[in-house]
Protein chains: 2
Amino acid sequence: MPVTVLLVDDEPLVRAGLRAILEAQPDISVVGEAADGAAVVPLVRQLRPDVVAMDVRMPLLDGIEATRAVLRSVPGPPKILVVTTFEQDDYVYQALRAGADGFLLKRAAPAEIVHAVRLAAEGESLLFPAALRELAAAHGNPRARAVLERAALTAREEEVLRLVAAGLTNAEIAQRLVVGTETVKTHVSSLLAKLGARDRTQAVILAYESGFVAPG
Amino acid sequence: MPVTVLLVDDEPLVRAGLRAILEAQPDISVVGEAADGAAVVPLVRQLRPDVVAMDVRMPLLDGIEATRAVLRSVPGPPKILVVTTFEQDDYVYQALRAGADGFLLKRAAPAEIVHAVRLAAEGESLLFPAALRELAAAHGNPRARAVLERAALTAREEEVLRLVAAGLTNAEIAQRLVVGTETVKTHVSSLLAKLGARDRTQAVILAYESGFVAPG
DNA sequence: ACGCTCCTCCCCCGCCCGGGGGAGGCGGGA
DNA sequence: TCCCGCCTCCCCCGGGCGGGGGAGGAGCGT
């Protein structure tokens, strides 16, 4: 029995391309198409595909929400491959966290795409390491990163934030930086204001969420 | 010109297996072998392989340190694939953070291994999503995870820790849980003691480091 | 020389936080 | 039954923390 695939992309051209590549394989069958995320759940229920190739950026319901919706509402869900142009896309990371099984790069060779679909159907899938490193290092959620970037912290403030996020008290930071505790308090107050954080706890959270400090 | 590969593994059997699989390909050539990580850097300098297939667990110098050593000391370094038995291995994650380009599962089919080596040589590589999800979710450093596990927090304490790590004050947590602030204080004090944390800031750090709360 | 930003330090004040100790009710296991 | 762990609430107290304002010096670009 062939591997059945559902294509979800708002651009007909991309769907046509994927269909052409996949239908050329005797053991792969494209059983349906959808132009936006809202149509995915009913189609999955109806067609029961093995694999869903889903674009991330779509009108109405994006690939991330659509992935969540499918996994939440369909028992024995299909494998979901996220289709993307750039491997370092923020949305891809979010989709993977939402439960997607892997992704397809649009610029990948046809053979790669076919291979990825087959692997996904078998329970494995393809990932490219540049994206992996991105994941491991700078996978913070975009909002937190935006806050940190817009904050425009000074060098000293960044240094202090790093120490705050390491669990040091103001006195310890002062000792470490060889300045007065009053100075540290000034820096902390300043960076809290810039970050829109109420206290150091929230600043630490922001530091982790944004990837400013890396866990592990 | 063929893809050149250096094999690094302390078990001769594994080296022989990889050699047999890879040498069967006309465009792949195994140019050398090493039995431990300490021998890797000089061999890489001498042989200039395109790809290094390296075991993680080895005597003398493990795959993580060997990866760091190669990347630090060899200009225009080869692609490094970590060879492992279990995809959810902590060491694999560390190796990837150290700069490895991907990994090879020992139980993977020969064709997969060949494919991974070719992809690595081209600048891409294979990864399996189960490991990815592990990376995204539970990639906390083992020490922090151990602390959290040994802490044996009660259900209520875990709940409170989650809210502390969300940036709430004791009063807000009390309101959220519909209990008195004194009660929240008790829980917080208790979990701080169990975690060995001096204040809520350090508790939040531990929560992130251990993967108890997930960033993103 | 002027203005700007950054780093440094100081004051006062109020509050939330964390430590210590005590205590009652409620459930499960020895 | 009795004991123990968990959840709940209370007291006092000290200290670190955060907000407000002010101020001086160093470096930089104009």
Side-chain angles (χ1 to χ4, degrees), chain A residues 143-210 212-213, chain B residues 143-210 212-213:
Chain A
R143 243 174 313 161
R145 241 189 297 178
V147 169
L148 212 87
E149 279 166 20
R150 271 189 244 284
L153 299 184
T154 68
R156 201 54 157 174
E157 285 162 357
E158 284 196 0
E159 208 174 350
V160 171
L161 175 56
R162 229 171 277 279
L163 294 172
V164 168
L168 304 194
T169 65
N170 288 338
E172 286 168 343
I173 294 171
Q175 195 175 359
R176 185 76 71 90
L177 297 182
V178 199
V179 296
T181 58
E182 308 297 329
T183 304
V184 175
K185 281 186 55 177
T186 305
H187 290 313
V188 171
S189 291
S190 170
L191 71 87
L192 288 180
K194 285 183 179 176
L195 295 177
R198 178 174 49 190
D199 49 44
R200 63 207 294 110
T201 305
Q202 291 191 347
V204 170
I205 292 167
L206 210 58
Y208 273 96
E209 293 286 339
S210 66
F212 179 79
V213 296
Chain B
R143 241 173 315 159
R145 242 187 298 175
V147 169
L148 212 87
E149 280 166 21
R150 271 189 246 282
L153 299 184
T154 68
R156 203 53 158 175
E157 285 163 357
E158 285 197 0
E159 206 174 352
V160 170
L161 175 56
R162 228 171 276 280
L163 294 173
V164 168
L168 304 194
T169 64
N170 289 339
E172 286 168 343
I173 294 172
Q175 195 176 0
R176 184 77 70 90
L177 297 182
V178 199
V179 295
T181 59
E182 307 298 329
T183 304
V184 175
K185 281 187 56 178
T186 304
H187 291 312
V188 171
S189 291
S190 168
L191 70 88
L192 289 180
K194 285 183 180 177
L195 295 177
R198 176 174 50 189
D199 48 44
R200 64 208 292 110
T201 305
Q202 291 191 346
V204 170
I205 292 168
L206 211 60
Y208 273 96
E209 293 285 338
S210 65
F212 179 78
V213 297

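Convention: sequence-line order gives letters A, B, ...; per-chain numbering from 1.
Closest non-hydrogen pair, A/Leu191 versus A/Ala203, comes out as CD1-CB, 4.4 Å. Across every non-hydrogen atom of A/Ala207 and A/Ala165, the tightest pair is CB-CB, 4.2 Å.
The stretch residues 172-179 of chain A touches DNA chain C through A/Val179, each having a heavy atom under 4.0 angstrom from the strand.
The pair B/Arg156-B/Glu159 meets the salt-bridge criterion, with a side-chain N (NZ, NE, NH1 or NH2) lying under 4.0 Å from an Asp/Glu carboxylate O.
A side chain to side chain contact (heavy atoms under 4.5 Å, CB included) with A/Ser210 is found for exactly one of A/Leu195, A/Ile205, A/Val147, A/Leu148, namely A/Leu148.
Proximity of A/Val213 to A/Val204: side-chain heavy atoms (C-beta onward) are nowhere separated by under 4.5 Å.
At its two ends the helix from C/dA1-D/dT30 to C/dA30-D/dT1 runs along axes set 40° apart, each axis drawn from five pairs and the angle rounded to 10°.
Applying the salt bridge (Lys or Arg N to Asp or Glu O under 4.0 Å) test to residues at least two apart or on different chains, the pairs with a partner in residues 188-202 of chain B are A/Glu172-B/Arg198, B/Glu157-B/Lys194.
At the phosphate of D/dT8, OP1 or OP2 sits under 4.0 Å from a side-chain N or O atom of B/His187.
Expressed to the nearest 0.5 Å, how far CZ of B/Phe212 lies from CG of B/Leu161 amounts to 4.5 Å. Atom-to-atom distance recorded for A/Thr183:OG1 and A/Lys185:NZ is 11.0 Å, nearest 0.5 angstrom. Separating the CD atom in A/Glu209 from the CG atom in A/Leu206 is a distance of 8.0 Å, to the nearest 0.5 Å.
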Given protein heavy atoms under 4.0 Å, the one-letter contact record of nucleotides 17-30 of chain C, with B base, S sugar-phosphate only and - none, is simply SBB-----------
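Under the side-chain hydrogen bond (donor to acceptor under 3.5 Å, both in side chains) criterion, B/Glu158 pairs with no residue, sequence neighbours left out. With sequence neighbours left out, the side-chain hydrogen bond (donor to acceptor under 3.5 Å, both in side chains) criterion links B/Glu182 to no other residue.
Within 4.0 Å (heavy atoms only), B/Thr183 reaches at least one base atom of the nucleic acid.
Taking atom CG of A/Leu153 as the reference point, atom P of C/dC7 lies 10 Å away to the nearest angstrom. Rounded to a whole Å, the CD atom of B/Glu159 is 9 Å from the P atom of D/dC7. The separation between A/Glu158 atom CD and C/dC7 atom P is 10 Å, rounded to whole Å.
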